[in-house]
Asker: 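Okay, here's the structure, questions in a sec.
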Amino acid sequence: MADDQRSKNDYKDTLFLPATDFPMRGGLPKKEPQILKRWEEMGLYKLLREQSKGREPYVLHDGPPYANGHLHMGTALNKTIKDIIVRTHQMMGYDANYVPGWDCHGLPIEWKVEEQFRGKGRKKGDVPPSEFRTECRKYAAKWIDIQKAEFKRLGVVGDWDHPYQTMDFATEAAIVKEFLTFAEKGLVYRGSKPIMWSPVEQTALAEAEIEYHDHQSTTIWVKFPFKDAPPGLEGADIVIWTTTPWTIPANRAVCYGPGLSYGLYEVESVREDLDFAPFAKPGDRLILADKLAEEVFAAAFVARYKRLGDVSPSQLEGAKLRHPLEGHANSYDFDVPMLPGDHVTDDAGTGFVHTAPSHGQEDYFAWLGAGLPLDAIPYTVGPDGAYTDEAPGFEGMKVFRTEGKKAGEEGDANPEVIKALTAKGSLLARGRLIHSYPHSWRSKAPVLFRNTPQWFIRVGTGEGSLRETALKAIDETTFYPPSGRNRLRGMVEQRPDWLVSRQRAWGVPIALFVDKDGEPLVDADVNARIVAAITEKGADAWFDTPDAEFLGDKYDPADFEKVTDILDVWFDSGCTHAFTLEARDDLTWPADLYMEGSDQHRGWFQSSLLESCGTRGRAPYKAIFTHGFVMDDKGRKMSKSLGNTMLPDEVTNKFGADILRIWVASSDVQEDIRVGDEILGSAVDAYRKLRNTLRYLLAALDGYTEDEAVDFGDMPDLERYVLHRLQEVDAKMQASFRAYNFKAAWRALSEFVIQDLSAFYFDVRKDCLYCDAPSSMKRRATRTVMATLLDAVTRLLAPICPFTAEEVYDHFPAGLGEKKASVHLLAFASVPETYRDEALAERWAKLRGIRRVITGAIEEKRNEKTLGASLEAAAGIHIEGDLAELAKGVNWAEIAITSQARLGETPGASDAFRLGEQPGISVVIEKAEGNKCGRCWRVLPEVPEEGALCGRCKEAVEA
RNA sequence: GCGCCGGUAGCUCAGUUGGUUAGAGCGUACGACUGAUAAUCGUAAGGUCGGAGGUUCAAAUCCUCCUCGGCGCACCA
């Protein structure tokens, strides 16, 4: 026994066992930062650009993330996909330059900075705007630095030293210039729109700045007489109900529901058990929704009433009413049209909706939808919540108090309006209601919808409109997936004009002067001075520079008003193509691709489209790719409250960026994708398998040089088959990369590596590799193929796992492959088309089918405990039909890793092993006869005694 | 509520113009090896293709409804 042991070890030294210092385990969390550092030091990005000078450009234009907060899985997904796209195109031979960018302006940063100031005991109103903006700028810059480091950690390659930032002075100026181009084209106009307004803080509020609290409102039922009553409705009044009496002076229409059932009612008697006289009088004729009549009469203290007949909505069509305040302060003597509206229901109220287009979204749209003019909408309430002179008779009265301890409480407006209505006899009833009402989350005071002047970009409709240009541009764009086209198209078809003004501080100014008629001044010289000033000093220049300096000698500042609103941040990001793609020499316009989450159909894809179509007549992109959102492992949205969140940082720290990237590459990113421990676990498993296979290749190729290489024509069938498969996989992967179908590429790669290489080719060739003499043609052919595999697979892996590919490349045998400073400076390998041999592939597919029967037969013996290693076996194979011819001349012992094999013998009777899926093949496994070769472990009759050498090994050892 | 997208084994994905018993890899179980060894190899068990109707000789695939989930729906990036 001791002797056997020794001789075994002796022969072990004569084997050519794999050797490499490439570690089995990646240790990615530690190793990746080191590799990153090296790339940084060698200036990889710069080397890439220098090397690809003159190549056809491929431009993926980065949609800017918001410069606030750490990365989440969604941003990591986004940047990883982009990086894979950029890297694959670079390796396919393009100059794929990637310039990342950031969106810096906007409300979320304002909030954070306000918070900072409040922390120091300063209110926003106390901080000079320029100081406030400086702080916003600092805040954004801080997060850009943090995010930049986080993006780099994911392995994203790009011009991180020169990203674009929407807050750069030159960029702010460029955005202003773009906006002024719209103005020059006559596409900018001042309109009007009701927005949430806090009179206490005198600011517009976003939906997210609103919270809802119970609020007690005075409700009123108001009668509107007909101007010319439709036949049969003479003397009847339309009744509305409202919780905001103060909006009555702004009333301009009454909406009815075209699908509701209405009736004409008459009051017969009122209650007499009261200590006051109800407003309603016997004989009053009222029109009400049938479902609500009873309720209304109860509120009006009507004791008895009768229904006189139906009122069909069609009778109301086109009817005109008189304002309930008609004659008050000698005013309100205009027609109040009745408008159909689907928003009108008979769930509450009267079935008629008091419509004040300056105080409600639905009112506003009902008004515009009826084709009524924007400029007929009054501004009845000012910034302080007080009536303006467009509310005659109520000027200066406040809806809510805005000063002192009682700020937020009801002002004079409601009581005064009610008084006036009562005087006119227009009031039918009044009451109180506690209901949920929007309040400012800062001051907790109630807010109101207030009509304010706003700036719009005209999208328009029909020939020559921006909408038409945009729709045409959508037709000319390629969408991945194709359904994106309809989605974007639908949104562009539906959307209203682009509201671009915001009453905020942190953003690019709407740098316009408005004349006395409300028209923007369009003058090239003035605009040039504005752009020059902002280029030099940023947005502050617009606010701080005296008007005269911009207006020059031609205009009198007294004739113009300076707009102090800022631009919608979507306009900023809509301009990235202009100030990045167009402005930089190392990029091209339009972009080959915009790649973002599907939410950007409504965001950046659209704002960029409109901006570019308005100024340049076409889309700034040739194609759009959309990805889905990151969900938890059950497909649910991630949220802090559910506790199912995961951060990219946790993934890279625990597993490494390459693992995160495999997760991305193996998922269907065009849909929502899931992430969780199990899912990342499979990415880790896949990684391990891949890494080990590459490690095996490195080890098998220890000491390999080109001198050893064998010509394709001189290779055994098996080698040619493997090269065929490599060619197939390479072609498939590159085609998939081109179509942005990474999961197909990943699948092709991992199935090839696992099934064809690890489980088949390597296993079969192990004996040859370890035991044959280095001079043997077969062994040389094997190593030639393995060298080709290592080179090609490493390159194919590089865009997906840039860190590991680099590590593998570092360990390449000295005599192998193209030498560059980094694997990322290489192109994909050119696997020759001549490797393709479909007939050979078909043959091997069948041979592998036969092999499966043999392995199955061996397994059966193992289960019977009569066999351990497959080398203990001798296979007796019988094949019927066409397959028999095919199997001839194949070294089955080698292919099936048995010691011996005989083909074509009479099938073993009933005990022969068969597989249902491989009909006509039967295999009998027996113990191989002979002795075990002490070196290669095959059991052969030629081996004189147990542990001695077989003929092949003897030669190899002696050579 | 409205618009768009999706639901195939525990997980990630294939399923070509509707056409044999719906596939692969991973994971799992069991086993082998101990010369890829915290690796490698083998075998096996897993699916009423979200549900219900319908069209058809034939449906994961086409139609309708339902259900579950996602994105968007104007001061929010």
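Order of the sequence lines fixes the chain letters, A, B, ..., with proteins taken first and strands second; residue numbering starts at 1 for each chain.
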Asker: Mind calculating the distance between CG (L488(A)) and P (C73(B)) to the nearest angstrom?
Answerer: 14 Å
Asker: Among G72(B), U40(B), U43(B), find the nucleotide with the atom closest to the side chain of D599(A).
Answerer: G72(B)
Asker: So what does A759(A) touch, heavy atoms closer than 4.0 Å: a base, only the sugar-phosphate, or nothing?
Answerer: sugar-phosphate
Asker: Please determine whether any donor N or O and acceptor N or O are separated by less than 3.5 Å between the side chain of R602(A) and the base of C73(B).
Answerer: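 Absent.
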Asker: Nearest of A24(B), C75(B), A32(B) to any side-chain atom of K865(A)?
Answerer: A32(B)
Asker: Does the A36(B) base have a donor-acceptor partner in the side chain of S758(A) within less than 3.5 Å?
Answerer: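 Present.
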Asker: Can you tell me whether the side chain of W570(A) and the base of A77(B) have a donor-acceptor pair closer than 3.5 Å?
Answerer: yes
Asker: Any side-chain N or O of K689(A) below 4.0 angstrom from OP1/OP2 of C41(B)?
Answerer: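 Yes.
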Asker: So, does the side chain of E671(A) form a donor-acceptor pair with the base of C5(B) at under 3.5 Å?
Answerer: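 Donor-acceptor pair under 3.5 Å: no.
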Asker: Measure from NZ or CZ of R779(A) to the centre of the six-membered ring of F16(A) and say whether it is under 6.0 Å with the direction within 45° of the ring axis.
Answerer: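 That pair qualifies as a cation-pi contact.
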Asker: Separation of R725(A) atom CZ from A24(B) atom P, in whole Å?
Answerer: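 Atom CZ in R725(A) sits about 15 Å away from atom P in A24(B).
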Asker: For L15(A), which contact category applies under a 4.0 Å heavy-atom criterion: base, sugar-phosphate, or nothing?
Answerer: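 Base contact.
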Asker: Nearest to the side chain of M24(A), heavy atoms from C-beta on, is which of A77(B), U37(B), A24(B)?
Answerer: U37(B)
Asker: Taking only the P atom of each, what is the distance from C30(B) to U67(B) in whole angstrom?
Answerer: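 Per the computed distance, 44 Å lies between those P atoms.
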Asker: Is there a donor-acceptor pair under 3.5 Å between the side chain of T75(A) and the backbone N or O of H72(A)?
Answerer: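 Pair found, side chain donor or acceptor close to backbone of H72(A).
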Asker: For R25(A) and S501(A), take the nucleotide of RNA chain B holding the closest heavy atom to each; which residue's nucleotide lies nearer the 5' end?
Answerer: R25(A)
Asker: Evaluate the ring planes of H601(A) and F605(A), with Trp represented by its six-membered ring, and classify them as parallel (under 30°), tilted (30 to 60°) or perpendicular (over 60°).
Answerer: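 Geometry flag for F605(A) against H601(A): perpendicular rings.
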Asker: Under 4.0 Å, heavy atoms only, any strand: does K637(A) hit a base, just the sugar-phosphate, or nothing?
Answerer: sugar-phosphate
Asker: Indicate the ring-plane relationship of W143(A) and H70(A), choosing parallel, tilted or perpendicular according to the 30° and 60° boundaries.
Answerer: perpendicular
Asker: Ring stacking, W746(A) with base of G25(B), under 5.5 Å and under 30°?
Answerer: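 Check failed, W746(A) does not stack on base of G25(B).
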Asker: Taking the nucleotide of RNA chain B with the nearest heavy atom to each, does Y770(A) or A686(A) sit closer to the 5' end?
Answerer: A686(A)
Asker: Look at the side chain of R487(A) and the base of C71(B), then say whether one donor and one acceptor between them are separated by less than 3.5 Å.
Answerer: yes
Asker: The test is ring-ring contact (aromatic ring centres under 6.0 Å, His included); show your working for Y594(A) and W604(A) and say whether it passes.
Answerer: CA-CA 9 Å; Y594(A) 273 35; W604(A) 192 54; 4.1 Å; yes
Asker: How far does the P atom of U16(B) sit from the matching atom of U8(B), given to the nearest Å?
Answerer: 15 Å
Asker: Side chain of R688(A) only, please: which of G35(B), A39(B), U43(B) is the nearest?
Answerer: A39(B)
